[in-house]
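See below for the structure under consideration.
Letters A, B, ... mirror the listed sequences (proteins, then strands); counts begin at 1. Since this is a predicted model, take the numbers as computed values, not measurements.
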Amino acid sequence: MHEKFFSFLGDNLQLFLTYTGLYNATPGHFIMIAVGLLFIFLAIKYEFEPMLLIPIGFGILIGNVPFKDAGLQIGIYEQGSVLNILYQGVTSGWYPPLIFLGIGAMTDFSALISNPKLMLIGAAAQFGIFGAYTIALLSGFEPNQAGAIGIIGGADGPTAIFLSSKLAPELMGAIAISAYSYMALVPIIQPPFMRLFTTKKERLIRMKPPRVVSSTEKIIFPIIGLLLTCFLVPSGLPLLGMLFFGNLLKESGVTRRLAETARGPLIDTITILLGVTVGASTQATQFLTFNSIKIFGLGAMSFVIATSAGVLFVKFFNLFLKKGNKINPLIGNAGVSAVPDSARISQIVGLEYDPGNYLLMHAMGPNVAGVIGSAVAAGILLGFLV
Amino acid sequence: MNRIRIITGIAACLALMLVQSAQKVQAQRTTSMRINEALVINEDNYVDDYGRRGGWVELYNTSANVVNIAGCFLTDDINEPKKYPIPKGDVLTKISPRQHILFWADSMAWHGTFHLNFRFQPDKSNFIALFDSDGKTLIDSVTVPAGQIPDVSYGLEVDGGLKWTSFAKVTPSTNNLTLDKNEKIENFKQNDAKGIGMTLTAMGVVFLGLILLYLIFKFVANMAIHLTKLRSKRAAGDASTDSGDISGEVLAAISTALYELNEDVHDIERTVLTIQKVRRTYSPWSSKIYSLREIPRK
């Protein structure tokens with residue numbers, strides 16, 4: 001009798017062991033857990049995009065706790081599991097437009113409206129997307145996959161997730177992680193190329209202070225911006241529609257509560273859900289592939305191309321501008337839409353050469369134009385490749 | 001008077017938009033159904049649930065919405081549009097986006113919703129029409145020419161397209177044109193392997209969009225500056241005043257000075273220092289500050 005009972009206990013214990021994480025772990029799981037820990041470390045120690053890297057890093061830990069595939073509905077890829085339900089906001093692409101709503105409600109387009117020619121820098125920086133698209137094609141990716149990878153160069157996490165969920169869902173985890181990682185690493189990636197392509201004289205250019213923009217202009221901007229960009233590229237509607245809608249909530253002056261919700265609790269909630277589910281989607285079994293490594297390489301290239309294109313475009317543009325109206329090429333990097341980090345880099349590098357030259361406000365122009373530009377570019381890729 | 005005109009104008013625009021949107025909504029309803037394929041002579045082909053062979057007609061939902069065709073009419077006689085009323089209450093009459101539904105033209109309506117009360121004439125041309133639930137609005141019609149070959153169907157080359165053709169391989173309830181690849185992607189692979197075409201086109205569109213925005217806002221900025229000058233002239237009565245010439249640094253210095261001045265100015269207020277908990281029956285739902293009736297801030 002006792003023997004039977006002990007044998008039953010032994011069998012149960014053995015069965016339990018097969019369910020543990022340790023039993024099901026592979027080296028890949030430990031590599032991914034190390035990546036997650038690195039993200040958390042970078043976020044806490046160096047404050048690299050902590051709002052993104054903490055949820056993503058912790059999400060990686062959640063997604064890489066190994067378990068037995070016994071239909072317990074716990075994994076993010078198991079239909080009906082809690083994580084899977086939360087992940088649907090990513091796969092169906094409705095988290096990114098909500099994030100754009102919040103971004104619109106917190107973005108001040110004054111710098112752009114006061115000096116609208118800065119919009120062109122935001123357009124030039126989109127060369128990063130198409131440079132990476134070309135290299136991805138040459139690396140053997142299909143055009144739809146290349147489009148999804150190229151959008152990393154837009155330096156816009158929600159746009160990258162939105163587009164990759166439509167064009168190449170199988171690569172979305174790697175693309176999202178790559179986009180957010182490089183956005184966090186903007187302070188390391190951009191300055192060397194900003195210095196490489198500018199002369200000392202150019203770095204010292206002082207720009208005219210931006211004029212004061214009236215509230216009417218600020219109200220008109222999202223309306224015209226929406227109609228113009230979306231009539232041109234309707235496939236950008238989900239992102240651009242929400243971006244400009246959020247901005248109108250902010251600028252109209254009569255929907256303060258809605259604007260505060262959009263830029264506060266709403267965007268925070270969605271950022272948490274987006275970050276943690278994107279992180280959790282990087283299960284080692286799905287994520288650790290040679291393609292992911294290639295995507296990381298291409299992502300880095302796209303940031304370099306975007307930064308260089310922005311800076312070089314300003315230098316080219318300066319050839320046509322009068323002496324007093326020249327633009328400091330150090331704000332060219334801000335066309336990469338990592339808001340506001342890339343604008344901050346312009347300011348920091350600018351101050352290194354002239355402690356009295358404050359470029360932040362000027363850099364915010366191409367920075368927010370970059371958001372519009374990357375959303376338009378995403379719309380074009382979506383229209384062409386779906 | 002002006003206000004009345006503006007309100008009338010806005011009302012007219014809204015009415016126009018409503019009419020247009022109603023038409024658009026209609027477009028996503030039964031009107032988006034198309035007759036897609038028909039087989040007149042079925043000798044050795046698709047069989048129905050009763051194991052019988054007969055002619056059939058396939059409808060296709062061209063919209064991105066679910067369309068319920070219950071209550072619509074199918075007929076083979078233009079003078080009798082209500083010949084076969086598609087029964088209501090059958091969940092299968094709800095057609096998913098870009099999906100097909102098949103009706104058997106076997107004159108055996110008692111076999112169920114998808115069996116018509118007429119059959120095709122093998123030796124003549126056959127007219128087929130789909131009418132909306134009012135029995136008057138013709139949604140789509142086609143005349144299948146006479147002389148049809150057995151087991152060869154007559155259908156649209158591409159689902160929901162325009163050009164009719166014959167299909168030696170019939171495709172009941174599936175796409176007429178079977179795509180195993182994404183044509184757009186294949187096109188890019190063949191004609192733009194290095195992505196130069198995509199780069200040029202896409203960057204052209206991005207630049208075009210932002211250049212248009214630039215031009216519009218350059219115009220808006222000029223207008224705004226002009227209006228500001230006019231207003232300041234009116235306010236000060238002095239044509240030489242031009243606030244646009246004041247630099248940001250000066251404005252910042254003035255603002256800081258005003259801020260510091262205001263910070264130093266305090267009213268003497270009656271205050272009570274207490275360790276008692278102050279009770280306030282406050283809720284954002286009842287707050288006047290956050291009320292929906294709050295007067296808009298300019």
Subject >> Approximate separation, where rounding is to 0.5 Å, of T199(B) OG1 and I129(A) CD1 >> reply: 10.5 Å
Original post:
Roughly how far, to the nearest 0.5 Å, is the NZ atom of K117(A) from the CG atom of L210(B)?
Top reply: 15.5 Å
Original post:
Do side-chain atoms of K184(B) reach the backbone of V386(A) as a donor and acceptor pair under 3.5 angstrom?
Top reply: yes
Subject >> Non-neighbouring partners of L360(A) that pass side chain to side chain contact (heavy atoms under 4.5 Å, CB included), sequence neighbours left out >> reply: A343(A), R344(A), Q347(A)
Original post:
So M198(B) and L137(A), side chain to side chain contact (heavy atoms under 4.5 Å, CB included) or not? Walk me through it.
Top reply: CA-CA 11 Å; M198(B) 168 70 94; L137(A) 280 180; over 6 Å; no
**OP:** Looking only at non-hydrogen atoms, find the nearest pair between P116(A) and K218(B) and report the distance.
**Re:** CG-N, 3.9 Å
Original post:
Rounded to the nearest 0.5 Å, how far does CG of L228(A) lie from CZ of F217(B)?
Top reply: 9.0 Å
Subject >> Residue pair N144(A) / F188(B), side-chain heavy-atom distance below 4.5 Å >> reply: no
Original post:
Which answer fits F384(A), side chain, backbone, both or neither, if we ask what part of it has an atom under 4.5 Å from a heavy atom of chain B?
Top reply: both
Original post:
How far does CG of L112(A) sit from OH of Y214(B), to the nearest 0.5 angstrom?
Top reply: 12.0 Å
**OP:** Let me know if A124(A) has heavy atoms under 4.5 Å from chain B in its side chain, its backbone, both or neither.
**Re:** both
Subject >> Heavy-atom pair count under 4.5 Å with chain B, highest-scoring of V233(A), V212(A), L232(A) >> reply: L232(A)
Original post:
Of all heavy-atom pairs between E217(A) and A221(B), which one has the smallest distance, and what is that distance?
Top reply: OE1-CA, 3.7 Å
Original post:
From E186(B) CD over to E142(A) CD, what is the distance, rounded to the nearest 0.5 angstrom?
Top reply: 7.0 Å
Original post:
Do you know which of T229(A), V213(A), L385(A) has the most heavy-atom pairs with chain B at a distance under 4.5 angstrom?
Top reply: L385(A)
Original post:
With a 4.5 angstrom heavy-atom cut-off, which part of L118(A) approaches chain B: side chain, backbone, both or neither?
Top reply: neither
Subject >> Which atom of Y133(A) lies closest to which atom of G195(B), heavy atoms considered >> reply: CE2-CA, 3.6 Å
Original post:
Looking at F207(B) versus F313(A), is the centre-to-centre ring distance below 6.0 Å?
Top reply: yes
**OP:** Answer with side chain, backbone, both or neither: which region of P209(A) has an atom nearer than 4.5 Å to a non-hydrogen atom of chain B?
**Re:** side chain
Subject >> Among I224(A), L138(A), I113(A), V376(A), residue most engaged with chain B (heavy-atom pairs, under 4.5 Å) >> reply: I224(A)
**OP:** Can you tell which part of F127(A) gets under 4.5 Å to a heavy atom of chain B, answering side chain, backbone, both or neither?
**Re:** both
Original post:
Nearest 0.5 Å, what's the CG-CZ distance between L200(B) and F130(A)?
Top reply: 10.5 Å
Original post:
Within a reach of under 6.0 Å around CG of L230(B), are more than 12 heavy atoms found that belong to other residues, nucleotides or ligands?
Top reply: yes
Original post:
Side chain, backbone, both or neither: which part of I216(B) has a non-hydrogen atom closer than 4.5 Å to chain A?
Top reply: side chain
**OP:** Kindly write out the residues that satisfy salt bridge (charged side-chain N to carboxylate O under 4.0 Å, His left out) with D90(B), not counting sequence neighbours, or none if the list is empty.
**Re:** none
